[in-house]
Amino acid sequence: MQHVGDDLDYFELLGRSGSGFVLRVRNRNIDQIVRVQPDVPQKSLTDMYYADTARLSADGRYLLKTQTLSSGAIQAQVRSATTGAVVARHTFKKATKPDPIDVSGTRVLVGGYNAPRTMMWDWKAGTVKTIASRAAYAGGFALDRLATHTKDPSADDACSVVSTLTAPGKTLWRGCLESVASFSPDGARFATEAIDHETKNVVRRRSLRGTLLTTYRNPDKVWMHAWETNTRILVRSYPADGSDAWLVRCEVDDCERAARTYD
């Protein structure tokens, strides 16, 4: 695959979609979502604005994004991850700060701030219902998992809560120093990194009910990157000597360098 763009482009991998991959490409001149796959020309799916968000649905079929309108309102959009075509859209007040998380059928899981809440938007029924008084930021339908913040995570007293999506009011774990980075592929565990108001120097693996399994620490910053298996994770770590960051593969407390990364 050969990217057609600027040498200064910065790539953020949103995930795999069928036989292709969806990325956000940014530099001083552009901000857009593109689809790439072997032996197929690169395709632009949609343009972005720096404050807008984008992620793939868990099944890789849909691109979920927000778009800031000229009125200041924020529109949540469901787009095809193959063509970029808009499947559904709903406009929220600017203060809501909608964050679409996942899709199942015609239902979209959406987090929102101002008054923190988790919403279920059904584009077929034309309804938006609040299902929790905390703001969703991770999780999905297939795993029946939900991670929420009690308030904006940059606030000193913000906390994170893990529950199931079918019973969002029942707390499985609560922490005020960590945020859920992602759930394992089987949903039995989750990885955390420091919540926004804390220093990003620790990643932890926990069971679904929050039991601490392993701690990975680096005073020069460490972030969760991805799950390779149900028990093996990749973390991004900065060496103390200030050289290039590394991807580190960890199975419990056995870790090895996986690859060098570049910012």
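Throughout, residue positions are numbered sequentially from 1 according to the sequence presented.
- Hydrophobic clustering (ILVMFWY, side-chain heavy atoms < 4.5 Å, transitive): Leu165 and Leu172 are in distinct clusters.
- The only member of Asp31, Asp47, Asp52 that meets salt bridge (Lys or Arg N to Asp or Glu O under 4.0 Å) when paired with Arg24 is Asp31.
- Listed by chain and number, the residues in a ring pair (Phe, Tyr, Trp, His ring centres under 6.0 Å) with Tyr137 are His149 (sequence neighbours excluded).
- Annotation for Lys221: atom NZ does not count as buried by contact number, only 12 or fewer foreign heavy atoms lying within 6.0 Å.
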Exercise. Hey, mind stepping through Glu251 and Thr231 against side chain to side chain donor-acceptor pair (under 3.5 Å) and telling me if it holds?
Worked result: CA-CA 6 Å; Glu251 181 80 62; Thr231 59; 2.5 Å; yes
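- Hydrophobic clustering (side-chain heavy atoms under 4.5 Å, transitive across Ile, Leu, Val, Met, Phe, Trp, Tyr) keeps Leu45 apart from Phe21.
- The pair Glu193-Arg204 does not count as a salt bridge, with every side-chain nitrogen at least 4.0 angstrom from each carboxylate oxygen.
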Exercise. Where do Leu208 and Arg145 land on the side-chain contact (heavy atoms from CB on, under 4.5 Å) test, with the steps shown first?
Worked result: CA-CA 9 Å; Leu208 183 59; Arg145 300 291 181 260; 3.4 Å; yes
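- Ring planes of Trp123 and Tyr62: perpendicular class, angle over 60° (limits at 30 and 60°).
- Residues Leu64 and Leu56 do not share a hydrophobic cluster, defined by chaining ILVMFWY side chains whose heavy atoms lie under 4.5 Å apart.
- Under a hydrophobic clustering in which Ile, Leu, Val, Met, Phe, Trp and Tyr are joined whenever their side-chain heavy atoms come within less than 4.5 Å, directly or via other members, Val103 and Met119 fall into the same cluster.
- In summary, Asp99 and Arg55 engage in a salt bridge, as defined by a charged side-chain N under 4.0 Å from a carboxylate O.
- The distance between the ring centers of Trp227 and Phe183 does not fall below 6.0 angstrom.
- Each of Val248, Asn201, Asp253, Val203 was compared with Tyr216 under the side chain to side chain contact (heavy atoms under 4.5 Å, CB included) criterion, and only Val203 meets it.
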Exercise. What's the verdict on side-chain contact (heavy atoms from CB on, under 4.5 Å) for Leu213 and Arg189, showing C-alpha distance, side-chain angles and the deciding distance?
Worked result: CA-CA 9 Å; Leu213 303 175; Arg189 302 162 191 82; 4.1 Å; yes
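- Trp246 and Val202 are assigned to two separate hydrophobic clusters, defined by single-linkage of ILVMFWY side chains at heavy-atom distances under 4.5 Å.
- A donor-acceptor pair shorter than 3.5 Å can be found between the side chains of Asp144 and Thr166.
- In this structure the side chain of Val34 never reaches within 4.5 angstrom of the side chain of Val22, judged on heavy atoms.
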